[in-house]
Amino acid sequence: MKAVITAIAHNVPDNVVDNHWFEDKIDTNDEWIRTRTGIVERHFASEGGVTDILVPAVERALAQRGITAMDLDLIILCTVTPDRIFPSSAAILQRKIGALNAWGFDLAGACSGFLYGLVTGAKMVESGSVKRVLVCGGDKMSAILNMEDRTTAVLFGDGGGCVILEAGESDDYGVVDSILRMDGNGEQFLYQKAGGSLNPPTIETVTNREHFVYQEGQTVFKSAVKGMADVSYELMERNKLTADDVAWLIPHQANLRIIDATAARMGLSKDKVMVNIDRYGNTTAGTIPICLSELYAQGKLNKGDNLVLASFGAGYTWGAVLVRWSLEKKQ
Ligand code: UT7
């Protein structure tokens, strides 16, 4: 018995910020951002935390499935921008949606958070210990962006999505296979310098702007190109899939050039690659569920489609997951 996705939805804040918005604030321009990343605009929340971004997505997913929040057994909330360090944002979300029968936890897998959460949730269903799992992936990156740093401010956005996982009726569909990796040597190239137990907040950490994203872009770029492409290719090989057998690559949206390199390694044409980085930027744990939700809503997913979900991010964390789509095409 495999775990299948029985509902999928996403949400982004209303406030849209295009590349030109940055031009009078930092030394950057629309042309650089478009050509180096593929980003045209992103959404920045005007208020609220990551759970406020996720609540509308969860409500849509529950309505789609025709169940209430009380029917959920477990909430896995994947994020690096929790509402608070504690309690978990899973607990805060549980209260907001009224899922009082569910336990849950936060999962800090950065850009690979949703894939880590999807696989963990699927295994929980497959073990028989829970019936319905809500897996959310989302981030409010604007909360940890230094708007004076042109090397990071333009890259990220706010948004998220969720899936409901349940036991499938046959082994033909669902979360079929996964390869998940981590290399803690990547910490130094992409991290938040202060705010945790190692460097608690002080006047100095705030003055030195150490509570924001720090990234050595080129170093991360090189590792991402190799990591995401290698693992996606390995997943195809292991499951004896040719490019023809793959309906969609649904990659993490950090940089269009990383996405193109992964697709090329898999031998996939561009029409099989989901890209929405132009509209949302990098929403960290949000990118993959937003992509999946948009594809489904657009009626582009057919029952039985092989989907390769792939990611690379801070940690380093990376991975690829093979999902055989279980819902009928949305009309
Ligand atoms: O999702 C988590 C994982 N993260 C990633 O996968 C991100 C991986 N990295 C990247 O996507 C890319 O490295 C970036 C988009 C961050 C940067 O692109 P790049 O092609 O690697 O540029 P670069 O860092 O080599 O910088 C090239 C030049 C530099 O100027 P000089 O030294 O050549 O004069 C930068 O200072 O571009 C400059 N630059 C900018 N110029 C205008 C950096 N940021 C900007 C900017 N606007 N926003």
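Counting convention: from 1, in listed order, for ligands and their atoms alike. Scope of the values below: all heavy atoms of this structure, side chains included, with no hydrogens, waters or symmetry mates. In this chain, residues are counted from 1 in sequence order.
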Give the atoms of ligand 1, by number and element, whose distance to some non-hydrogen atom of L155 is under 4.0 Å. 15 (C), 16 (C)
Using a strict cut-off of less than 4.0 Å between a Lys/Arg side-chain nitrogen and an Asp/Glu carboxylate oxygen, indicate whether K131 and D73 qualify as a salt bridge. no
Is it true that the side chains of D83 and T51 contain a donor and an acceptor less than 3.5 Å apart? yes
Numbered atoms of ligand 1 (with element) below 4.0 Å of A254, judged on heavy atoms: 1 (O), 5 (C), 6 (O)
Measure the distances from the heavy atoms of I258 to every atom of ligand 1 and state whether one is below 4.0 angstrom. yes
At a 4.0 Å threshold, what atoms of ligand 1 neighbour a non-hydrogen atom of L190? 2 (C), 3 (C)
Under 4.0 Å from one or more heavy atoms of R257, ligand 1 contributes atoms 18 (O), 19 (P), 20 (O)
Check whether any protein heavy atom sits under 4.0 Å from atom 31 (P) of ligand 1. no
Got a list of side-chain donor-acceptor pairs under 3.5 Å for residues 137-148, not counting sequence neighbours?
{"from": "D139", "atom 1": "OD1", "to": "T79", "atom 2": "OG1", "distance (Å)": "2.8"}
{"from": "D139", "atom 1": "OD1", "to": "V80", "atom 2": "N", "distance (Å)": "2.8"}
{"from": "D139", "atom 1": "OD1", "to": "T81", "atom 2": "N", "distance (Å)": "2.9"}
{"from": "D139", "atom 1": "OD1", "to": "T81", "atom 2": "OG1", "distance (Å)": "2.6"}
{"from": "D139", "atom 1": "OD2", "to": "A285", "atom 2": "N", "distance (Å)": "3.0"}
{"from": "K140", "atom 1": "NZ", "to": "G48", "atom 2": "O", "distance (Å)": "2.8"}
{"from": "S142", "atom 1": "OG", "to": "D158", "atom 2": "OD1", "distance (Å)": "3.3"}
{"from": "S142", "atom 1": "OG", "to": "D158", "atom 2": "OD2", "distance (Å)": "2.7"}
{"from": "N146", "atom 1": "OD1", "to": "E148", "atom 2": "N", "distance (Å)": "2.9"}
{"from": "N146", "atom 1": "OD1", "to": "R209", "atom 2": "NH1", "distance (Å)": "2.9"}
{"from": "E148", "atom 1": "OE2", "to": "R209", "atom 2": "NH2", "distance (Å)": "3.3"}

Whether the E166 and T6 side chains hold a donor-acceptor pair (N or O, under 3.5 Å, no angle test) is what I'd like checked. yes
For atom 1 (O) of ligand 1, is the nearest protein heavy atom under 4.0 Å away? yes
Need the ligand 1 atom indices (1-based, order shown) with element for anything under 4.0 Å from a heavy-atom of C111. 1 (O), 2 (C)
If we only count N/O pairs under 3.5 Å, is R150 in contact with ligand 1? yes
Identity and separation of the nearest protein heavy atom to atom 17 (C) of ligand 1: W32 CH2, 3.9 Å
Proximity of Y280 and H43 rings by center, below 6.0 Å: yes
Could you tell me, atom by atom, which parts of ligand 1 come under 4.0 Å of a heavy atom of V154? 48 (N)
Check this for me: does any side-chain nitrogen of one of D305 and K300 sit under 4.0 Å from a carboxylate oxygen of the other? no
Assess whether a salt bridge exists between K96 and E59, defined as any Lys/Arg side-chain N lying under 4.0 Å from an Asp/Glu carboxylate O. no
Ring-face cation contact, Y173 with K303, 6.0 Å cut, 45° max: yes
Run the numbers for me: atoms of ligand 1, each under 4.0 Å from some heavy atom of R36, listed by number. 19 (P), 20 (O), 22 (O), 27 (C)
closest protein heavy atom to atom 9 (N) of ligand 1 is G217 O, 3.1 Å
Can a protein heavy atom be found under 4.0 Å away from atom 38 (C) of ligand 1? yes
Just by distance, do the side chain of S112 and the backbone of L115 share a donor-acceptor pair under 3.5 Å? no
Only heavy atoms count here, so choose which of Q215, Q218, M228 is nearest to atom 21 (O) of ligand 1. Q218
For atom 47 (N) of ligand 1, what is the nearest protein heavy atom, given as residue, atom name and distance? T28 OG1, 2.7 Å
Atom indices of ligand 1 within 4.0 angstrom of N255 heavy atoms, with elements: 10 (C), 11 (O), 12 (C), 15 (C)
Would R265 and D230 count as a salt bridge (Lys or Arg N to Asp or Glu O under 4.0 Å) here? Give the steps. CA-CA 8 Å; R265 180 80 190 282; D230 280 358; 2.5 Å; yes
Before signing off on this row, confirm whether T37 and ligand 1 have an N or O atom pair separated by under 3.5 Å. no
Protein heavy atoms: any of them under 4.0 Å from atom 34 (O) of ligand 1? no
Within-4.5 Å side-chain heavy-atom neighbours: N11 and L54: no
Exercise answer: donor-acceptor pairs, residues 269-277 side-chain atoms, under 3.5 Å, sequence neighbours excluded:
{"from": "S269", "atom 1": "OG", "to": "D271", "atom 2": "OD1", "distance (Å)": "2.4"}
{"from": "K272", "atom 1": "NZ", "to": "A243", "atom 2": "O", "distance (Å)": "3.0"}
{"from": "K272", "atom 1": "NZ", "to": "V246", "atom 2": "O", "distance (Å)": "2.8"}
{"from": "N276", "atom 1": "ND2", "to": "E294", "atom 2": "OE1", "distance (Å)": "3.1"}

Out of curiosity, is T152 lining ligand 1, as in a heavy atom under 4.0 Å away? no
